[in-house]
Asker: 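Input: one structure, supplied below.
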Amino acid sequence: YWPRILDSWSWLSAAVDRLRGRARVHPFGGLPAQGGWGRRGPTHPTTRQQRDDDPRTKCRVMTLASLMLRHRFLLVKEVFDRVLALVGLLLFAPVLAILALAIKITSPGPAFYVQQRVGKGGRPFGIIKLRTMITNAERATGPIWARDNDPRITRIGRFLRYSHLDEVPQLWNVLRGEMSLVGPRPERPIFVDQFRSQIPPYAERLRVKPGITGLAQVSHHYDATLRD
């Protein structure tokens, strides 16, 4: 069953290759049953046993199996992320309520704020965080990274940033399917444009969902420069 399907795929691949001038495999070559070279290029073995033993067929089966395994892994990961995000939101709800009240008491402005970030495939989305800075913190400077002893950070904001509790509301983004629990941190569009122009491999990060935490967050502090 599989070799027949894969033969159909091979025909399509061969047609594309011929259009590109590569002429890798021609599906219509007239050859004996054992396969070989015909008038228009190499052909596939014609018997089922020969097709099963053909290294090209085995390679295609392995490639298809890898794709199916990856798809299954991503599906399980998606379910796992959303279940844990829902449980986390329920468990942290009282903590978030207390922190939100403390933010409102200690500084004017909303307790939560939404900031545009770039997600998988370059699609923008609104990331949700507990506010750790004064309102309109970038009005005079424009988009910049936070610095050590940044005067824009509120008193409770320092604690939230140190403990990373300001990131907990992003469980809602995970529940909505915009983020994952583990993955590269999403950046703002203006910084993504800078990274793409100065760090060519950076675009690879946009092939997967961004995450609340990742290797950089475990082994590194908050980014303060492009080198970070």
Asker: Kindly determine whether L181 and L171 satisfy side chain to side chain contact (heavy atoms under 4.5 Å, CB included), including the steps that lead there.
Answerer: CA-CA 8 Å; L181 292 176; L171 290 172; 3.9 Å; yes
Asker: Can you see which heavy atom on L175 is nearest to which on A85, and at what distance?
Answerer: N-CB, 4.0 Å
Asker: Starting at CD of E138, measure out to CG of N136 and round the result to the nearest 0.5 Å.
Answerer: 10.0 Å
Asker: Answer yes or no: is there a donor N or O on one side and an acceptor on the other, between the side chain of K209 and the main chain of E178, under 3.5 Å?
Answerer: no
Asker: Does T154 form a side chain to side chain contact (heavy atoms under 4.5 Å, CB included) with I134? I'd like the steps, not just the answer.
Answerer: CA-CA 6 Å; T154 62; I134 60 175; 4.2 Å; yes
Asker: Shortest non-hydrogen contact from M179 to Q170?
Answerer: CE-OE1, 3.5 Å
Asker: What is the distance from atom CG of N173 to atom CZ of R176, rounded to the nearest 0.5 Å?
Answerer: 7.0 Å
Asker: Where do G119 and L206 come nearest, in terms of heavy atoms and distance?
Answerer: O-CD2, 3.8 Å
Asker: Going hydrophobic residue to hydrophobic residue with side-chain gaps under 4.5 angstrom, can you get from L130 over to L89?
Answerer: yes
Asker: Can you list the residues that meet the side chain to side chain donor-acceptor pair (under 3.5 Å) rule with Q115, with sequence neighbours excluded?
Answerer: R117
Asker: Closest approach of P110 and I103, non-hydrogen atoms and distance?
Answerer: O-CG2, 4.2 Å
Asker: Looking at K120, is its backbone amide N or carbonyl O close enough to the side chain of R207 to form a donor-acceptor pair, meaning the two atoms are under 3.5 Å apart?
Answerer: no
Asker: So, the side chain of T135 versus the backbone of G109: is there a donor-acceptor pair under 3.5 Å, distance only?
Answerer: no
Asker: Would you say the side-chain atoms of D81 and S180 include a donor-acceptor pair closer than 3.5 Å?
Answerer: yes
Asker: Taking only residues two or more places apart in sequence, or in another chain, which ones meet F125 in a ring-ring contact (aromatic ring centres under 6.0 Å, His included)?
Answerer: none
Asker: Do you reckon I190 sits in the same ILVMFWY cluster as Y113, going by side-chain contacts under 4.5 Å, direct or chained?
Answerer: no
Asker: Examine V208 and Y202 and state if one hydrophobic cluster contains both, with Ile, Leu, Val, Met, Phe, Trp and Tyr joined whenever side-chain heavy atoms are less than 4.5 Å apart.
Answerer: no
Asker: Membership question, hydrophobic clusters at under 4.5 Å side-chain separation (ILVMFWY): are V87 and F80 in the same one?
Answerer: no
Asker: Below 4.5 Å, heavy atoms only, C-beta onward: do V118 and P189 meet side chain to side chain?
Answerer: yes
Asker: Between R196 and E187, does a salt bridge (Lys or Arg N to Asp or Glu O under 4.0 Å) hold up when you go through it step by step?
Answerer: CA-CA 12 Å; R196 279 175 162 173; E187 282 293 350; over 6 Å; no
Asker: Hey, what do you get for CG (L91) to CG (L96), rounding to the nearest 0.5 Å?
Answerer: 11.0 Å
Asker: Go through the steps for L165 and V168 under the test side chain to side chain contact (heavy atoms under 4.5 Å, CB included), then give the verdict.
Answerer: CA-CA 5 Å; L165 287 173; V168 172; 4.1 Å; yes
Asker: Indicate yes or no: at least one non-hydrogen side-chain atom of I127 is less than 4.5 angstrom from one of V114.
Answerer: no
Asker: Could you work out, with side chain to side chain donor-acceptor pair (under 3.5 Å) as the rule, every residue matching R131, not counting sequence neighbours?
Answerer: S107
Asker: Would you give the length of the straight line joining atom CZ of R188 to atom CG of D193, rounded to the nearest 0.5 angstrom?
Answerer: 12.5 Å
Asker: Looking at side-chain heavy atoms only, is the closest gap between R185 and E167 below 4.5 Å?
Answerer: yes
Asker: Taking atom CG of D166 and atom NZ of K129, what is their separation to the nearest 0.5 Å?
Answerer: 5.0 Å
Asker: Determine, using the 4.5 Å side-chain heavy-atom cutoff (strictly less than), whether V95 and L160 are members of one ILVMFWY cluster.
Answerer: yes
Asker: So, R161 side chain and I153 main chain: donor-acceptor pair closer than 3.5 Å or not?
Answerer: no
